[in-house]
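Note sheet for the following structure.
Computed from heavy atoms alone, side chains included, the values below leave out hydrogens, waters and symmetry copies. Letters A, B, ... mirror the listed sequences (proteins, then strands); counts begin at 1.
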Protein chains: 4
Amino acid sequence: MDPIFSKFLNLDKEKQQRVLNAALKEFARKGYDDASTIEIAKEAGISKGLLFHYFNTKKDLFLFLYDYSMKIIKTEYFDMVNTKDKDIFVRLRQVYLLKIELIHKHPWLFQFSAVSTDSKEVKKELESRKLEMESIGYGKMFEDIDESKFKEGVDVEKAKNIIFWAIGGYANKIIEEAKVSELEEPDYDKILEEFDAYLDILKVWAYN
Amino acid sequence: MDPIFSKFLNLDKEKQQRVLNAALKEFARKGYDDASTIEIAKEAGISKGLLFHYFNTKKDLFLFLYDYSMKIIKTEYFDMVNTKDKDIFVRLRQVYLLKIELIHKHPWLFQFSAVSTDSKEVKKELESRKLEMESIGYGKMFEDIDESKFKEGVDVEKAKNIIFWAIGGYANKIIEEAKVSELEEPDYDKILEEFDAYLDILKVWAYN
Amino acid sequence: MDPIFSKFLNLDKEKQQRVLNAALKEFARKGYDDASTIEIAKEAGISKGLLFHYFNTKKDLFLFLYDYSMKIIKTEYFDMVNTKDKDIFVRLRQVYLLKIELIHKHPWLFQFSAVSTDSKEVKKELESRKLEMESIGYGKMFEDIDESKFKEGVDVEKAKNIIFWAIGGYANKIIEEAKVSELEEPDYDKILEEFDAYLDILKVWAYN
Amino acid sequence: MDPIFSKFLNLDKEKQQRVLNAALKEFARKGYDDASTIEIAKEAGISKGLLFHYFNTKKDLFLFLYDYSMKIIKTEYFDMVNTKDKDIFVRLRQVYLLKIELIHKHPWLFQFSAVSTDSKEVKKELESRKLEMESIGYGKMFEDIDESKFKEGVDVEKAKNIIFWAIGGYANKIIEEAKVSELEEPDYDKILEEFDAYLDILKVWAYN
DNA sequence: AATGAATGAGCCTTCATTCAT
DNA sequence: TATGAATGAAGGCTCATTCAT
């Protein structure tokens with residue numbers, strides 16, 4: 001029973017989720033340095049002392065969340081992409097759907113994963129994690145794409161980038177809009193329809 | 001002499017710049033909440049007391065900077081775009097060149113303008129500013145574009161978005177790379193060349 | 001079963017000893033305020049909750065230990081001194097041997113009994129105990145000493161004090177040396193020999 | 001103006017003394033770990049924040065006090081002993097008078113200098129200071145004593161120890177009594193008279 | 001009886017802000 | 001105008017104590 005974080009991991013799943021979501025949200029919103037542990041405890045409905053009983057330090061809590069997030073992103077996102085589909089648009093559609101689903105399940109996950117800090121202590125720990133992550137980055141998601149379908153004479157690398165950035169731009173727009181209307185459930189059907197429209201335009205352009 | 005910030009605005013321009021740049025840099029780097037007023041004062045070469053003599057509170061200083069930034073972005077960026085060029089690619093190239101120039105003159109300006117905070121006080125003030133900004137947002141930059149050149153049957157609004165996002169994606173990539181190699185002066189010629197290559201691809205795709 | 005501490009006193013002696021020694025050690029080492037209850041529980045091999053089940057509060061535990069220590073010091077030290085020996089040096093030698101024996105049996109006892117605190121709560125309680133202790137203090141150990149052997153014209157009270165302090169100084173030196181070499185068993189024979197040498201010098205001086 | 005502690009050292013002497021005495025007292029009473037900075041600030045009549053403005057950390061404050069104490073003990077105690085007097089009793093009387101004077105001027109100085117800590121950080125710093133101190137320890141105070149006056153056949157080293165311990169015992173008795181009657185000014189004349197009486201007894205004993 | 005999760009007061013420290021000079 | 005000493009609220013963390021099991 002004494003491995004690290006075992007106190008937390010032995011909790012019932014519901015309480016774990018409450019704490020994780022509260023922490024994810026606070027760190028995602030304010031960044032490491034400015035996030036308040038007492039705010040996390042309040043949001044999770046537990047006492048300050050208990051939070052430290054589980055995680056010892058703010059830093060340990062943050063790094064636990066980081067590992068937890070990376071694991072989810074890997075297993076429920078990167079690893080789920082079916083690379084049998086060689087067509088970049090089919091692949092992208094898949095990726096996008098997975099991401100929507102994941103955001104639905106873990107609203108603060110992606111924002112958390114982009115959080116930064118000035119704490120040298122934390123930075124150092126993060127660096128060492130980055131090495132492991134390199135092998136599972138976004139690059140993998142777009143490996144083994146069928147390039148024969150692209151218009152002739154085009155720099156395929158650049159073409160793929162354009163498509164990737166355009167889709168990313170659309171995703172950001174959706175996220176931005178979701179932030180504004182905060183608590184309303186987004187209309188996923190409408191979004192998907194619009195997404196497909198963008199994919200179609202790009203497909204017509206990029207392919208012969 | 002009683003308008004707010006008059007104490008600051010009556011300083012000689014050189015000192016004003018020193019203070020503004022110091023503040024812009026600190027807020028851009030650390031965000032509102034984690035920025036340190038004494039760090040700003042030190043970097044500007046004035047005392048903490050004097051900084052508060054000029055601006056009263058950290059919040060007021062931040063909002064002053066915000067307004068100052070928006071004004072620069074408006075007058076030296078948005079307003080400078082020559083809308084005589086109706087071709088979206090010509091227009092985009094113009095916008096991009098202006099942005100590079102502006103970053104050169106005010107290195108922390110755009111990073112500052114993207115800074116976030118969790119201080120409810122500040123958030124509220126920012127909201128009210130956003131309304132004013134809507135009228136001068138990026139939208140204006142792409143008004144009055146010649147849509148006749150686009151491939152037939154394409155949703156032009158979506159097409160423009162795609163082009164915008166793709167270019168934005170490229171810009172972000174450049175900024176990311178600049179952050180990594182910190183102090184080295186970027187090779188603007190090479191960047192512009194690559195930028196033009198992306199524009200060309202998009203032009204071939206989008207136009208007939 | 002309702003007298004205070006009855007829960008503890010009903011335990012088997014072995015467990016009682018484990019708890020007492022753990023607490024004695026912790027308080028002796030760190031003083032009242034800085035001693036850690038969980039450390040005591042760990043060292044005793046019981047849970048934090050159980051420790052409080054036995055003693056209610058840290059303060060009560062401390063005062064219980066204090067009373068326990070005083071009782072031991074009285075019964076196994078003060079009361080053991082055979083006042084039949086009227087010669088101060090014979091008496092002192094006896095006292096010293098008893099003390100060595102007691103330290104051997106209860107290594108933390110004397111250090112504990114010298115522990116201090118700033119907790120006003122505890123101080124007040126200690127004060128009231130001091131009154132009771134006065135009747136059994138070191139004074140008693142040197143009652144009924146044959147003063148006829150001392151050099152004439154000497155203030156015997158002062159002479160006894162000198163002898164007492166000198167011996168005390170030697171004892172402290174030994175304890176200091178024991179602390180430095182921590183775990184090594186002291187060479188009691190050598191110490192006793194040296195002790196006797198000091199007694200001899202004093203005897204030659206003080207007596208005719 | 002930027003050498004460390006300059007903020008504190010530039011204060012008027014009266015305020016410095018108030019802070020030093022408050023800190024000395026608190027550390028002397030409770031030891032490093034349990035001393036409370038807020039208590040020090042309160043006793044000194046300043047705010048918590050200001051104390052840290054002067055000293056940055058509790059540790060730095062403690063080490064500053066340590067250095068300050070050692071310097072005083074060296075310059076106003078060890079260095080003041082006139083080693084021209086070879087007679088141990090004359091020397092001891094001198095030392096004792098100096099100590100009384102010093103305790104009068106700095107009531108908590110000697111108690112502070114004996115304070116201990118569990119903080120490894122502080123312990124380490126203290127170790128390095130101890131090396132410097134070795135050269136100025138008590139040993140020096142009793143160098144170059146005329147041993148020809150002692151009774152023949154006596155182990156002079158042991159004899160000196162006895163005298164030293166006896167005098168130390170008397171000093172402790174006086175300090176204990178002073179603690180009990182807290183604020184009353186001790187009757188120095190009476191103490192000195194008694195002290196001389198003890199010295200006389202020892203002299204008669206030890207010398208031919 | 002026995003455990004250890006849970007609480008909250010209190011500690012050291014930082015920092016925006018005020019104020020005497 | 002200009003300085004930096006001074007304040008106190010708030011943050012991370014510890015620990016005696018309570019309580020459900």
Side-chain angles (χ1 to χ4, degrees), chain A residues 1 6-8 10-12 15 33-41 45-61 119, chain B residues 7-8 10-11 15 32-42 45-62 119, chain C residues 7-8 10-11 15 32-42 45-62 119, chain D residues 1 6-8 10-12 15 33-41 45-61 119:
Chain A
M1 285 303 150
S6 63
K7 282 173 202 151
F8 177 70
N10 286 337
L11 296 180
D12 60 287
K15 191 167 192 176
D33 305 278
D34 202 48
S36 157
T37 52
I38 190 164
E39 217 59 44
I40 294 173
I46 63 174
S47 75
K48 215 180 357 156
L50 189 50
L51 191 65
F52 283 89
H53 181 63
Y54 293 147
F55 294 106
N56 297 320
T57 68
K58 185 182 182 180
K59 181 185 155 195
D60 285 354
L61 166 57
S119 155
Chain B
K7 283 171 205 150
F8 177 70
N10 286 336
L11 296 179
K15 191 166 189 176
Y32 175 78
D33 307 274
D34 207 42
S36 155
T37 53
I38 189 151
E39 218 57 43
I40 294 172
K42 259 190 216 156
I46 64 173
S47 75
K48 218 179 355 161
L50 194 49
L51 190 68
F52 280 87
H53 180 64
Y54 294 147
F55 295 105
N56 297 316
T57 68
K58 185 183 183 180
K59 180 186 153 196
D60 285 352
L61 166 57
F62 182 82
S119 154
Chain C
K7 284 171 205 152
F8 177 70
N10 286 336
L11 296 179
K15 192 167 189 176
Y32 175 77
D33 307 274
D34 208 42
S36 155
T37 53
I38 189 151
E39 218 59 44
I40 294 172
K42 259 190 217 157
I46 63 173
S47 75
K48 216 177 1 156
L50 194 49
L51 189 67
F52 280 87
H53 179 66
Y54 294 146
F55 294 105
N56 296 318
T57 68
K58 184 182 183 181
K59 181 185 154 195
D60 285 353
L61 166 57
F62 182 82
S119 155
Chain D
M1 283 307 149
S6 62
K7 281 172 201 152
F8 177 70
N10 287 337
L11 295 180
D12 62 286
K15 192 167 189 177
D33 306 277
D34 202 49
S36 156
T37 54
I38 192 166
E39 218 58 45
I40 293 172
I46 63 174
S47 74
K48 217 178 358 156
L50 190 51
L51 191 67
F52 282 88
H53 181 63
Y54 294 146
F55 294 106
N56 297 319
T57 67
K58 184 183 183 180
K59 180 185 156 197
D60 285 354
L61 165 58
S119 154

Rounded distance (Å) that lies between atom [atom2] of [N] and atom [atom1] of [X]:
X       : N      : atom1 : atom2 : result
B/Asp34 : E/dT14 : CG    : C1'   : 11 Å
B/Asp33 : F/dG11 : CG    : C1'   : 13 Å
D/Leu50 : E/dA20 : CG    : P     : 15 Å
B/Lys42 : F/dA2  : NZ    : P     : 20 Å
B/Leu51 : F/dA2  : CG    : P     : 12 Å
A/Lys58 : E/dC12 : NZ    : P     : 20 Å
A/Ile46 : F/dA20 : CD1   : P     : 18 Å
D/Ile38 : F/dT7  : CD1   : C1'   : 12 Å

task: For D/Asp34 and C/Asp33, work out which heavy atoms get closest and say how close.
output: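 Scanning both residues, the minimum pair turns out to be OD2-CB, 2.8 Å.
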
Over all atoms of both residues, closest heavy-atom pair of D/Phe52 and D/Thr57: CE2-CA, 4.0 Å

Candidates [options] - which lies nearest the side chain of [X]:
X       : options               : result
C/Thr37 : E/dA6, F/dT7, F/dA16  : F/dA16
C/Ser47 : E/dG4, E/dA6, F/dT3   : E/dG4
B/Phe52 : E/dA16, E/dT3, E/dC12 : E/dA16
B/Lys15 : F/dA16, F/dA2, F/dG12 : F/dA2
D/Lys7  : F/dA2, F/dT7, F/dA5   : F/dA5
A/His53 : E/dA5, E/dT13, F/dA5  : E/dA5

Do [X] and [Y] have side-chain heavy atoms sitting under 4.5 Å apart?
X       : Y       : result
C/Lys15 : C/Phe8  : no
A/Ile46 : A/Ile40 : no
D/Tyr54 : D/Leu61 : no

Any donor-acceptor N/O pair under 3.5 Å between E/dT17 base and B/Lys48 side chain: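 Answer yes: a donor N or O sits under 3.5 Å from an acceptor.
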
query: Under 30°, 30 to 60°, or over 60°: which ring-plane class applies to B/Phe62 and B/Tyr32, parallel, tilted or perpendicular?
result: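 Perpendicular.
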
query: What pattern of brackets, bars and dots sums up DNA chain E from 5' to 3', given Watson-Crick or G-U wobble pairs under 3.5 Å, [ ] for crossing pairs and | for another strand?
result: .||||||||||||||||||||

task: Return the 5'-most residue of the pair C/Gly49, A/Thr57 with respect to DNA chain F, ranking by each residue's nearest nucleotide.
output: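 Comparing both residues, the 5'-ward one is A/Thr57.
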
Indicate, with a heavy-atom threshold strictly under 4.0 Å, whether [X] touches base, sugar-phosphate, or nothing.
X       : value
D/Ala35 : sugar-phosphate
D/Ser36 : sugar-phosphate
B/Phe55 : nothing

message: Any side-chain to backbone donor/acceptor pair from D/Asn10 onto D/Ser6? Under 3.5 Å, distance only.
response: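 Yes, because the side chain of D/Asn10 sits within donor-acceptor range (under 3.5 Å) of the backbone of D/Ser6.
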
message: Between D/Lys58 (side chain only) and D/Ala35 (backbone N and O only), is there a donor and an acceptor less than 3.5 Å apart?
response: yes

Pairwise 5' ranking along DNA chain E for D/Glu39 and B/Asn56, keeping only the more 5' one: D/Glu39

- prompt: Is any side-chain N or O of C/Tyr54 closer than 4.0 Å to OP1 or OP2 of E/dA1?
  reply: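 Result: no.
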
